[in-house]
Asker: 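Got a structure for you, written out below as structure tokens; questions coming shortly.
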Amino acid sequence: MLAAIAGLTACSGGQKVQGDYGTVPLPNEIKKQNGAPFILKPSTPVLIEEGDADMERIARYLAGYIKDATGKEPQIKSGDSDKGIRLTLDSDIESNEGYRLTVDENGIEISGATPAGVFYGIQTLRKSLPAKAEGRQIELPAVSIDDAPRFAYRGLHFDVSRHFFPIDSVKRFIDMLALHNMNVLHWHLTDDQGWRIEIKKYPELTRTGAWRKETVIGRNSGEYDGKPYGGFYTQDQIREVIAYAADRFVTIIPEIDLPGHQQAALAAYPELGCTGGPYEVWTQWGVSENVICAGNDKAMEFLENVLAEIIELFPSEYIHIGGDECPKIRWEACPKCQARIKEEGIRSDRNHTAEQYLQSYVVARMERFVESKGRHIIGWDEIMEGKLAPNATVMSWRGTAGGIKAAQMRHNVIMTPTSHLYFDYYQSEDREHEPLAFDGYVPIEKVYSFEPTDGIPEEFQKYIIGVQANLWTEYISTFSQVEYMEMPRISALAEIQWRTERKKDYNEFLTRLYRFTELYDRLGYNYAKHIFHTAAQSGQTVTDKDPA
Ligand code: ACM
Ligand code: ZN
């Protein structure tokens, strides 16, 4: 059907190239219209209403995208000019991120209920243009597209603790999100191997906690590289990145992982740990047993003070407080932690140890603090061990069972299972020819097959607010490798997040993806090319791409 709407071939005469609405993610409703196509020429302006700053910014993005494709930047005009690409707001559009894109011979109109909707409309138009149309006119078939996302939360997680990435890389990461209609960057800012965000009240966090003396080679080989490593973001840089993201309708959700994954903080402030240290910023991978002392009020205040600065900086409704992988061995032996257990009347039962309930105590206390500031917490699914904090959103990573259970308890859930959405896992079985990765296997076809509401009774499915893939960076030290691990798997994720009714025809998806990679090429992304190998093996004809 899509082939009938638009083809890839150049039109006769060689001057025009054709657009194709079969992009990624595929718009939810594409209706071919009778009538002549619109011819996008260098003289075609982008039309907006006078004095609308949001729309002007979006128009400038669109002008830039068209220039990237054609070499000519269109003019942005306000008022009632005749033919052009008109961007408008339309309160009749139901979804606040939805848009309508109509094309006929007289022009293109993109309307949304909000500027965000218009932004997703221009993303679709951008992706419908041929990636390379230098000096050409582009023929866009008459069409009416009505589109809106399936999930309100469309996330991608980025660990900048294990390896640090400067703000220009984070901005490029945000551009990659926008290209895939995603709206959340889950920014994992702290962990055992490095604290990456300036906190004014605790300067040692970045003076000491942001630097490790060396890094283990490979998978905890026992050998170290002997090179000091680190970095952090100042609060000014953080504000700059938040603004950059907001301009592109991306919300940044910061994660301060607690009470585990805190060894870098303990290296800076050893008195916050059960043993008092000394501790070092960890130089190897894994889950450190050195966690925040849950019995020490100073340590609880430390966490609250850090969260207070985080909340001050980040405008997001949600603050991620981690909660994963917190070994209890220190708490079991710590007089202060044991005193807290007594004082709070915490008892073990058939399901959980007293120390697991102590973790619930910490998470609930942090939730109360975050809620007192008018925000909500997200935690990894371990926060369900013990007693789930009343308003917490659960991020289900150890499979989907935690998420299914949380949804049935009427808690909001974000699905991000290791089985389908851990992009630090290998994407090919041919490991010899892959960069070192986490010891797991998530090929793009597996990603594409994920269905976030499987196993959830219909009445609870509404609690699944979103889907996310995670990128842990133990084995990823360059941004080029970040791109390689994300792309093109992120395209399959975008389909899950955006499309309401997927037939899950993987081959049909691949056809669109092959074309989409031409845009990856033009944007200079270092994406993985396994899809071309697979196609070659199954005898499909693909593009003339060199399977590098
Ligand atoms: C996690 O992967 N530890 C949430
Ligand atoms: Zn303790």
Side-chain angles (χ1 to χ4, degrees), residues 155-159 161-162 186-193 253 255-263 265-266 269-277 279 282 285-303 320-344 346 354-359 361-363 365 378-385 393-403 413-425 437-440 442 468-476 485:
L156 199 62
H157 150 287
F158 190 19
D159 166 17
S161 169
R162 277 51 177 269
H186 167 178
W187 207 2
H188 186 83
L189 288 161
T190 65
D191 217 300
D192 297 317
Q193 294 82 2
I253 297 183
E255 179 184 358
I256 301 297
D257 202 345
L258 61 91
H261 288 284
Q262 282 274 349
Q263 189 168 310
L266 297 185
Y269 296 98
E271 64 275 21
L272 305 178
C274 292
T275 65
Y279 307 97
W282 222 17
W285 314 129
V287 177
S288 169
E289 289 170 348
N290 296 314
V291 303
I292 292 282
C293 177
N296 178 347
D297 277 323
K298 276 251 154 16
M300 295 299 102
E301 281 161 27
F302 162 79
L303 295 177
H320 203 305
I321 53 87
D324 60 323
E325 299 177 320
C326 180
K328 308 296 190 291
I329 184 165
R330 296 282 181 262
W331 292 358
E332 284 161 13
C334 172
K336 283 193 197 132
C337 286
Q338 292 303 314
R340 174 86 75 198
I341 285 173
K342 270 224 178 76
E343 204 178 281
E344 292 293 321
I346 294 172
E355 286 75 20
Q356 282 177 322
Y357 284 114
L358 183 58
Q359 158 134 348
Y361 162 85
V362 176
V363 172
R365 185 165 166 168
I378 301 176
W380 299 107
D381 60 48
E382 286 94 332
I383 66 169
M384 299 178 72
E385 290 167 2
T393 294
V394 173
M395 198 166 256
S396 191
W397 73 279
R398 297 176 300 176
T400 55
V413 170
I414 296 150
M415 285 296 191
T416 175
T418 52
S419 54
H420 295 77
L421 297 173
Y422 265 45
F423 290 178
D424 55 332
Y425 288 16
F438 192 88
D439 185 13
V442 175
Q468 172 176 296
N470 298 337
L471 193 76
W472 302 99
T473 57
E474 286 93 336
Y475 308 114
I476 303 174
M485 299 306 275

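Counting convention: from 1, in listed order, for ligands and their atoms alike.
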Asker: How about Met395 and Glu382: do any of their side-chain heavy atoms sit closer than 4.5 Å?
Answerer: no
Asker: At less than 4.0 angstrom from any non-hydrogen atom of Trp472, what atoms of ligand 1 do you find?
Answerer: 1 (C), 2 (O), 4 (C)
Asker: Of all the heavy-atom pairs spanning Leu266 and Leu272, show the shortest one and how long it is.
Answerer: CD2-C, 3.6 Å
Asker: Are His157 and Trp472, when compared by the centres of their aromatic rings, separated by less than 6.0 Å?
Answerer: yes
Asker: Mind telling me whether Trp380 and Trp397 have parallel, tilted or perpendicular rings, with 30° and 60° as the class edges?
Answerer: perpendicular
Asker: Given side chains that start at C-beta, do those of Met415 and Val413 come closer than 4.5 Å, heavy atoms only?
Answerer: yes
Asker: What part of Met395, side chain, backbone, both or neither, has a heavy atom within less than 4.0 angstrom of ligand 1?
Answerer: neither
Asker: Are Arg340 and Asp297 packed together at the side-chain level, in the sense that at least one heavy-atom pair is separated by less than 4.5 angstrom?
Answerer: yes
Asker: Which ligand 1 atoms are under 4.0 Å away from a heavy-atom of Trp380?
Answerer: 4 (C)
Asker: Going by the angle between their ring planes, with limits at 30° and 60°, are Tyr475 and Trp285 parallel, tilted or perpendicular?
Answerer: perpendicular
Asker: Return all protein N, O or S atoms below 2.8 Å from the Zn ion (ligand 2), chain by chain in residue order.
Answerer: Cys274 SG, Cys293 SG, Cys334 SG, Cys337 SG
Asker: Looking only at protein heavy atoms, which one is nearest to atom 2 (O) of ligand 1, and how far off is it?
Answerer: Tyr422 OH, 2.6 Å
Asker: Do Ile378 and Ile414 have side-chain heavy atoms sitting under 4.5 Å apart?
Answerer: yes
Asker: Which protein non-hydrogen atom lies closest to atom 3 (N) of ligand 1, naming both residue and atom, and how far is it?
Answerer: Asp324 OD2, 2.7 Å
Asker: N/O of Glu325 under 3.5 Å from N/O of ligand 1, yes or no?
Answerer: yes
Asker: So how far is it from Cys326 SG to Gln359 CD, rounded to the nearest 0.5 Å?
Answerer: 5.0 Å
